[in-house]
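Written out below as structure tokens is the structure these notes cover.
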Amino acid sequence: MFTVNSTWRLPMTTQTYTLFMLLKTTRQWLDLEPKARFAFIKENVNPILEAHPTVSMRFFDTESYNARISDIVVWKTSDLVAYQGVIKGLRDTIFWDHYFDVLEVIPAVEDGYAVHYGITPLTGNAQAG
């Protein structure tokens, strides 16, 4: 068991956040031809992302492996205000609740425990300590 000294303070650093957005495609999205899907992204989503360059996005397909979740968007940023701008921008389009149902957003901090306890993060090659 770890004991943390109550007077110990974490160094002030920039925190990077990873946010996992779980999506379910709607019938409206699936009924679009692929060319129309890509045009929608280019015309509606790309400008939102370009306006917030401190937020990165990765897109993962899961529909072949999960019946509830069809896609996962992984957002990464150290600027939560910019992330909020992206989300507000998406909500103002038919991306949100028309083409995709946003089922859940899971915020996370990579290796947060390691920083807290001052240890080396767990990896496939090393143990904490």
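Only this structure's heavy atoms are used, side chains among them; waters, hydrogens and symmetry mates stay out.
Cluster membership for F40 and M57, using ILVMFWY side-chain heavy atoms within less than 4.5 angstrom, is shared. The hydrophobic clustering, which links ILVMFWY residues whose side-chain heavy atoms are closer than 4.5 Å, places F20 and Y113 apart. Linking Ile, Leu, Val, Met, Phe, Trp and Tyr residues whenever their side-chain heavy atoms come within less than 4.5 Å leaves W96 and I72 in two separate clusters. Cluster annotation: L103 is not connected to I94 through the hydrophobic network of ILVMFWY side chains, with a link wherever side-chain heavy atoms come within less than 4.5 Å. Residues F59 and L90 share a single hydrophobic cluster, defined by chaining ILVMFWY side chains whose heavy atoms lie under 4.5 Å apart.
Side chains of T25 and E63 form no contact here, defined as non-hydrogen atoms less than 4.5 Å apart. Residues T93 and I48 are in side-chain contact: their nearest non-hydrogen atoms beyond the backbone lie under 4.5 Å apart. I41 is listed as a side-chain neighbour of N46, based on a closest heavy-atom distance under 4.5 Å. W75 is not listed as a side-chain neighbour of Y17, based on a closest heavy-atom distance of 4.5 Å or more. Within the 4.5 Å cutoff, side-chain heavy atoms of V102 are placed close to those of L23. When side chains are defined from C-beta on, T16 counts as touching K76, because their heavy atoms get closer than 4.5 Å. Put simply, the side chain of I87 reaches to within 4.5 Å of the side chain of M21, judged on heavy atoms. You'll find the side chain of L32 reaches within 4.5 Å of the side chain of Y99, heavy atoms only.
Atom CD of Q28 sits in a crowded spot, with more than 12 heavy atoms from other residues, nucleotides or ligands closer than 6.0 Å. In the displayed structure, R91 atom CZ is contacted under 6.0 Å by at most 12 heavy atoms of other residues, nucleotides or ligands. Within a 6.0 Å radius of CZ in F60, other residues, nucleotides and ligands contribute more than 12 heavy atoms.
Smallest separation of non-hydrogen atoms from P47 and K42: CD-O, 3.4 Å. In this structure, L30 and R37 approach most closely via the heavy-atom pair O-NH2, 3.0 Å. Nearest heavy atoms, I69 versus D71: CG2-O, 3.3 Å. For the residue pair A114 and T120, the shortest heavy atom distance occurs at CB-C, 4.3 Å.
R68 places no side-chain N or O within 3.5 Å of a backbone atom of K24 that could act as its donor or acceptor partner. Judged purely by atom type and a 3.5 angstrom limit, T26 uses its side chain to pair as donor or acceptor with the backbone of H98. D79 places a side-chain N or O within 3.5 Å of a backbone atom of V81 that can act as its donor or acceptor partner. T62 contributes a side-chain N or O that, together with a main-chain N or O of S70, makes up a donor-acceptor pair within less than 3.5 Å.
Using the six-membered ring where Trp is involved, F100 and W29 have ring planes that are tilted, between 30° and 60° apart.
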